[in-house]
Every structure is written in C-alpha cells, then in structure tokens.
Amino acid sequence: MSLKTWLSAAVLGTALVGLGAQAQTKWDLPGAYPASNFHSKNLMQFAEDVKKLSGGKLDITVHPGASLFKAPEIKRAVQTGQVQLGEVLMVNVENEIPVFGADGVPFLATSFDDAAKLWKAQKPVIDKKLAEQGMMELYAVPWPPQGIYSKTEVNKIEDLKGSKWRAYSPATSRIAELVGAQPVTIQAAELAQALATGVVTTFMTSGSTGRDSKVWESLKYFYDTQAWLPKNLVLLNTDAFKKLDAATQKALTDAAAAAEKRGWEASKVETEEAKAALVKGGMKVQPPSPELKAGLQKVGATMIDEWVKKTGADGQAIVDAYKKM
Ligand code: PCA
C-alpha cells in the first residue's frame, strides 16, 4: 500500500468511526416530472420508506421536475455514477436500446392489465440490457393511457395533417410522420411553454401530463384513444447498490416493491381524476370516432411491424411472451 493510499484509508476509517452508528449514505434521485405528479409523489414516498426501513442509514433526496437533469440525460447520469439512481421514461431510451420501446408501441397493450403483462414480458430483457451497462431496475409504473390532444376537432387521422405535433419519444415522432403532422420533440417539463407560444397544436400523452401542463389554457379537445401506457422506470447504478450492507439493500428493494404496487394503483386513480380535471378546465373529453380509431389502429399495425423488425430476436421474444400471457 502506498503512503497516500494508506493515509486516505486511515482518514476514511477515522471518519467512519467518528460517525459510529450514525453512518449514513446520501443519494440523489433525479426525476423529470413535476413534484405534484403522481409519479413524483410516489418517488418521495419511496424515499421516505427507504429511510424508515433502513433505520435512517440510506437517505435519498428526490429532485423532481427535471431540476437536476433533463429527462433525456437521467439514464446516463445513473450509468456514469453522477447519481446513484434516477427515474426515466422507458421509451426515451428506445433510440439507444430498442427493446425499451415496447410500451410505446400503439395498441400493443392498451389497458392496465395488459400493461402489467407486457411489463412481465419485457422485464427479463430489460434486466439483461441494464446489467450490460452496470445498472439494475428498482420499479416501473405506467402513465395513464395515451390520448390525442388538439386545438381543433379531430374526427379522422387526416385532420392531424400539417399540425404542429409535440413528440416525447421516437414512437410519438413516428406517429406524426405516419399521419403527416410535423413532429417536434419536447419533454413534459417544457410542454406548457410550447403550448403558450403556439409551437405545438396537437400531441398524444396521458390525461395526467395534460393536467400537469394545464393544457386547457391552449387546447380544446381530448380524444381518449387509450393507445398505450408508457412506463417510468427507476434505475439504479449496480456499484452503488453493492456498496450498501445487506440490510440496507433489502430496505431498498422492499421499498421499491411497495412503490411499484402503490404506483400502479395511483395511475388508475389518476386516469379518472385527470380526465375530470380536463373537463373542469373546459375541454371536450370524448372517445375517438370509429373512423379516427380505425385510422390510428392502422398506424399502430405499421408500427408493431417496424418495431419487431428493428428489435429483432429480443423484441420478438417480448411480443411472443406477452401474447402467451
Ligand atoms: N406523460 C409523459 C410521458 C407519457 C405521459 O403520459 C409526457 O407526456 O412526456
């Protein structure tokens, strides 16, 4: 051991002894959605549970609202160890790892029950991909089903032609191309501003993000197409996990299991509450016309084909496992 290593080990040892039973690990958890959103509230409850279950040994600070990292930067921050864990929108990772996009394919899984099955089918493949990058997953929670927002009435997909379409993922950009709209990628944290300045007039997302962004200030229509349920995933840097003692590791994974369960229930409640908020804001909330639905389903069929081609054996394994459930 060099003198320098010996010295730093000695200093560290003293610091640990000094802390004694109080030794505490502090972690940061960036998220991309507002503090008032149900995902963020769930993150905060998760952090509180971890603290309690670990007897105060692991203290996680949640940073919602893209305040620490912007949505597309969070995965890399966890991977490189800038933060120990973080919440990502899985479909945001699709460009890098295509199988992350399974829950963004329109009309593959359209209900909470089907989304749960798809997650089960997706999980082993996702775990493998994350392990290759020195990460693991803690829990995943879906957004409410995705519908169409528009400034003007949409009775068929042709009505979306030429509109300024906000995308949040590769798949939502692809939908724009297929319906002849002009996609512009904007994450949720910037959506309200994009609406206020007229940069976008149409998009697909949940009632929840519509509510967060007070879309009724700019838009009039919401079509409840229930096209897919994208998930947020809480990722963890494996090295950070390995540094915890066994009891603290268990506190973390137990709290994560509880958060996953709680999150799925909260998403169901949010589905109804958010739609009510849109109505209260003055929007017309309605099911899609049969013509609009048929047009979208055609888009969905094209996209499932494209997705399976792009993801190859890994994607096919997910689709096959899902269809067998
Ligand atoms: N809200 C997020 C992703 C999906 C959703 O419902 C967003 O619009 O960015």
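All heavy atoms count here, side chains included; hydrogens, waters and symmetry mates do not. Counting starts at 1 for both ligands and their atoms, in listed order.
- Looking at Glu73 and Gln82, their side chains never bring a donor and an acceptor atom within 3.5 Å of each other.
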Report all N/O contacts between ligand 1 and the protein shorter than 3.5 Å as a table of atom names and distances to 0.1 Å; if there are none, say 'none'.
residue, atom, partner, partner atom, Å
ligand 1, 1 (N), Thr205, OG1, 3.1
ligand 1, 1 (N), Thr209, OG1, 2.6
ligand 1, 6 (O), Gln146, NE2, 3.0
ligand 1, 6 (O), Thr205, OG1, 3.0
ligand 1, 6 (O), Ser206, N, 3.2
ligand 1, 6 (O), Ser206, OG, 2.6
ligand 1, 8 (O), Arg166, NH1, 2.9
ligand 1, 8 (O), Arg166, NH2, 3.3
ligand 1, 8 (O), Thr205, OG1, 2.7
ligand 1, 9 (O), Arg166, NH2, 2.8

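- Residues Glu291 and Ser289 bring no donor and acceptor atom of their side chains to less than 3.5 Å of each other.
- Linking ILVMFWY residues whenever their side-chain heavy atoms come closer than 4.5 Å, directly or via other members, places Met136 and Leu85 in the same cluster.
- Of the listed residues (Lys52, Gln45, Lys51), just one forms a side chain to side chain donor-acceptor pair (under 3.5 Å) with Asp49, and that residue is Gln45.
- Asn232 and Trp143 share a side-chain donor-acceptor pair at under 3.5 Å.
- A distance below 6.0 Å separates the ring centres of Phe46 and Tyr139.
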